[in-house]
Structure formats: C-alpha cells, structure tokens
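Excluded from the calculations below are hydrogen atoms, water molecules and symmetry mates; all remaining heavy atoms, backbone and side chain alike, are included.
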Amino acid sequence: MARIMSWFFNVVPYALALGAIILGGVEIRKNWHEYKERWLKNTVATVFVIVGLLTIVSLRHDQAEKRKADEKAEQQMSALRAEARAANGAQKENTKLFTEWSKRMSDQVGDLKAEVKTEKLQKKLAEVQAELLKTQKAMAPGPKAELAFTFFPFTNPPPPAKPVLSKQVTLPLDSDGSVHVDLTAVNPTEVDATDGEINLRICDRCKFAKEPERFARMKGWGETVRFAPFTNIHAMEAFRTITLEVIPPEDLNRIPISFAYRCHTCVLQVGSSDATSGSIYIIRSGLRMKTTVPAKTRSQ
C-alpha cells in the first residue's frame with residue numbers, strides 16, 4: 001500500500017503538468033489563425049515548447065532533490081541504528097564488568113569480616129557487603145522493557161497475545177492546513193518501564209499547530225521536538241493517547257513521526273528506529289480514504 005501511495009504522489013505532479021501543457025497546446029491550436037504574422041506564430045510555438053520543457057525539467061529536478069533528501073534521512077537513520085546497537089553492546093559489557101567487580105568486592109569484604117574482631121567494625125562491614133550484593137543484583141543482566149510507536153487506535157488483545165501496531169495512517173488536511181492524529185507508545189514486553197521520558201519528534205520542516213497536551217519544549221531543543229516524563233508504563237500496556245496537530249509544508253505528502261525514550265528499566269535506546277517511528281500519508285484533495293478501525297484497545 002505504501003509503495004502504491006508513493007508512486008501515486010510521484011506521478012501526480014507530472015500528470016498535472018502534462019495536462020496543463022496539453023490544454024495550452026489545444027488553446028494555441030484553437031487560436032492559431034489569429035496570429036497573422038509568421039514570426040509571431042514561430043515565437044508563440046517556441047515559447048510554448050520552452051515553457052513545457054522547463055516545466056518537466058523543473059519537476060525532475062524537484063523529484064531528484066526529494067530523493068536525495070530521503071536518501072540522506074535513510075543514511076542518518078542507519079547511523080543512529082548503528083549507534084544504538086553499539087551503545088547497547090557497550091552497556092551490556094559495562095554491566096557485566098561492574099557485576100563481576102561487585103561480586104569480587106563482596107567476597108573480599110566477607111573474608112575481611114571473618115578477620116575483624118570488634119563487633120562494631122563487623123557490623124559496618126556487614127552493611128557494606130549487603131549494599132554491594134544489592135547493587136550486584138540490580139546490575140545483573142536481565143529482561144529489559146522496550147517501547148514501540150503506534151498510531152491510535154490499534155489492536156491490543158489481552159496478554160499473552162502481542163499488540164498489533166499501526167505504523168502508517170492516511171489522513172486529509174484540515175481547513176487550517178494541519179493534520180490531526182492520535183498516537184501512543186506501547187510497552188509490548190513483560191517488564192514495566194519505570195521513571196522515564198519520551199522525546200517526540202516531527203519532520204524537520206513541519207510545525208506544531210497546537211502544543212501537544214502534557215508535552216513541553218526543552219530549552220535549546222529544536223522546534224520539532226517535545227518532551228514528556230512518565231512514571232510507569234506497565235508491561236503489555238500503552239502510554240496515554242497523544243494527540244498531535246501538525247502543519248506540513250505544501251510540497252510534503254508524508255509526515256514522519258518518531259520518538260526516543262529513556263527509563264530505568266529500559267534497554268538503552270539512541271535516536272529512532274522502525275520500532276519507534278511511523279508515517280502519516282496526506283490526502284490534499286480533501287477526500288479521505290476508508291480505514292479499518294481495529295478492535296477495542298486497552299491503554300494505561
């Protein structure tokens with residue numbers, strides 16, 4: 001479906017330009033007898049051909065620029081994914097090293113406690129050993145929570161079934177030139193995501209027609225990023241519904257939306273990925289495509 005929509009939006013400008021050229025040619029042919037002088041006829045024909053050629057060349061140039069922009073965005077996304085994989089690997093290695101160090105320190109404290117004679121010092125060493133064991137347990141490798149992007153509504157059956165996420169929607173522009181859409185973040189894992197934050201991003205040339213509720217713009221951040229903290233997103237459930245009103249530029253027919261996140265129990269996530277992004281395809285004719293509304297959803 002996405003490929004068909006992409007092909008359609010790429011072909012439409014050429015079809016419109018070709019239609020305009022044909023209509024112009026018909027009009028000139030209709031009034032051809034009114035051009036009495038031969039040089040005037042030649043001038044009109046030449047200008048018409050030049051304008052037609054320039055229109056096609058301009059369209060091809062615009063399409064090439066858009067392709068370059070898309071390729072650049074894909075390269076940046078690939079780089080971010082590579083950074084995320086590297087950071088995740090580094091986090092796992094650092095966690096392993098720290099856990100091993102903590103275990104060695106705990107063993108050494110236990111040996112030292114056996115040699116200490118005073119009750120007061122033994123008590124202090126016992127407290128240090130307990131704290132080391134607690135830290136070791138907290139840092140031990142284990143399941144981590146991950147968040148995923150979805151438009152709302154989406155299919156979210158009772159556990160243990162996994163949610164069926166909605167990554168693409170097709171929507172018309174409102175009268176003020178904005179697109180109204182609902183989305184959310186889902187925790188499809190069996191681990192609660194606790195004490196975290198979500199950084200929501202729209203396309204670089206887009207604008208927020210209205211500030212999203214309970215999101216804020218952090219000082220020094222760009223116009224297209226908004227921030228919101230969260231306390232807990234339970235396992236197999238969703239964050240609250242996020243309502244966006246976005247104004248895209250006139251030449252854009254797809255709005256990419258993504259988020260990055262951090263939390264105490266989450267995997268380390270850098271930038272956006274397929275799991276944390278989606279696309280809005282815009283209908284500029286005002287005709288809305290039929291969409292299938294998924295089954296009733298369950299959100300936090």
Side-chain angles (χ1 to χ4, degrees), residues 76-77 79-96 98-99 134-154 156 158-160 162-167 181-203 208 211-244 246 256-279 297-300:
Q76 291 175 341
M77 187 173 292
L80 286 173
R81 290 173 185 164
E83 290 178 10
R85 288 194 293 268
N88 200 25
Q91 182 196 40
K92 290 179 180 178
E93 183 62 26
N94 290 337
T95 299
K96 179 181 177 182
F98 184 86
T99 303
K134 181 180 178 181
T135 303
Q136 178 184 341
K137 183 178 180 181
M139 292 294 293
K144 298 287 185 180
E146 295 185 56
L147 302 184
F149 177 101
T150 183
F151 290 106
F152 193 91
F154 67 101
N156 195 12
K162 296 289 186 180
V164 180
L165 307 180
S166 172
K167 296 290 188 178
V181 67
D182 293 331
L183 55 96
T184 190
V186 179
N187 179 5
T189 69
E190 297 180 357
V191 180
D192 289 352
T194 61
D195 297 327
E197 61 187 52
I198 291 177
N199 299 329
L200 186 66
R201 179 185 295 273
I202 58 176
C203 66
F208 287 100
E211 288 296 323
E213 186 178 357
R214 287 187 278 177
F215 275 79
R217 180 187 173 190
M218 301 297 288
K219 185 177 180 180
W221 288 13
E223 290 283 351
T224 60
V225 182
R226 295 295 185 270
F227 160 88
F230 64 83
T231 302
N232 195 9
I233 303 178
H234 294 297
M236 307 297 287
E237 289 197 359
F239 189 52
R240 58 182 171 80
T241 302
I242 303 167
T243 298
L244 293 186
V246 181
I257 298 180
S258 61
F259 66 76
Y261 64 90
R262 292 283 190 280
C263 87
H264 287 325
T265 57
C266 295
V267 297
L268 181 63
Q269 193 257 356
V270 179
S272 62
S273 65
D274 289 343
T276 55
S277 60
S279 295
T297 61
R298 183 170 56 86
S299 62
Q300 183 180 348

- Item | T243 and D182: side chain donor to acceptor below 3.5 Å | yes
- Note on the structure: Tightest non-hydrogen contact, residues P153 and S166, listed as O-CB, 4.2 Å
- Note on the structure: Looking only at heavy atoms, the pair that brings V191 and P143 closest together is CG2-CB, 3.5 Å
- Message: Please report the interatomic distance CD1(I198) to OG1(T276), rounded to the nearest 0.5 Å.
- Response: 10.5 Å
- Message: Are the side chains of R214 and R240 in contact, using a 4.5 Å heavy-atom criterion?
- Response: yes
- If you measure from CG on N232 to CG on D195, what distance do you get to the nearest 0.5 Å? 8.0 Å
- Could E211 and R217 be called an ion pair, given the rule that one side-chain N must be under 4.0 Å from one carboxylate O? no
- Taking all non-hydrogen atoms of both residues into account, name the closest pair between D274 and K167 and its distance. O-NZ, 3.2 Å
- Message: Between Y261 and V267, is there a side-chain heavy-atom distance shorter than 4.5 Å?
- Response: yes
- Heavy atoms of L165 and F149 approach each other most closely as CD1-O, 3.8 Å
- Item | Sub-4.5 Å side-chain heavy-atom contact between K162 and M236 | yes
- Between S279 and F151, what is the shortest heavy-atom contact and its length? O-CE1, 3.5 Å
- Message: Run the side-chain contact (heavy atoms from CB on, under 4.5 Å) test on K144 and C266 for me, step by step, so that the C-alpha distance in whole Å, both residues' side-chain angles and the decisive distance to 0.1 Å come before the verdict.
- Response: CA-CA 5 Å; K144 298 287 185 180; C266 295; 6.0 Å; no
- Query: Rounded to the nearest 0.5 Å, how far does OG1 of T189 lie from CD of E146?
  - Reply: 7.0 Å
- Query: Heavy-atom distance under 4.5 Å between the side chains of V186 and L147, does that happen here?
  - Reply: no
- Item | Heavy-atom side-chain proximity of F227 to E197 below 4.5 angstrom | yes
- I242 side chain reached by F152 side chain, heavy atoms, under 4.5 Å: no
- Query: What pair of heavy atoms forms the shortest contact from T184 to F259, and how long is it?
  - Reply: O-CE2, 4.4 Å
- Item | Side chain to side chain, P212 and R226, heavy atoms closer than 4.5 Å | yes
- Any L200 side-chain heavy atom under 4.5 Å of I257 side chain: yes
- Is there a donor in the side chain of D192 and an acceptor in the side chain of T194, or the other way round, less than 3.5 Å apart? no
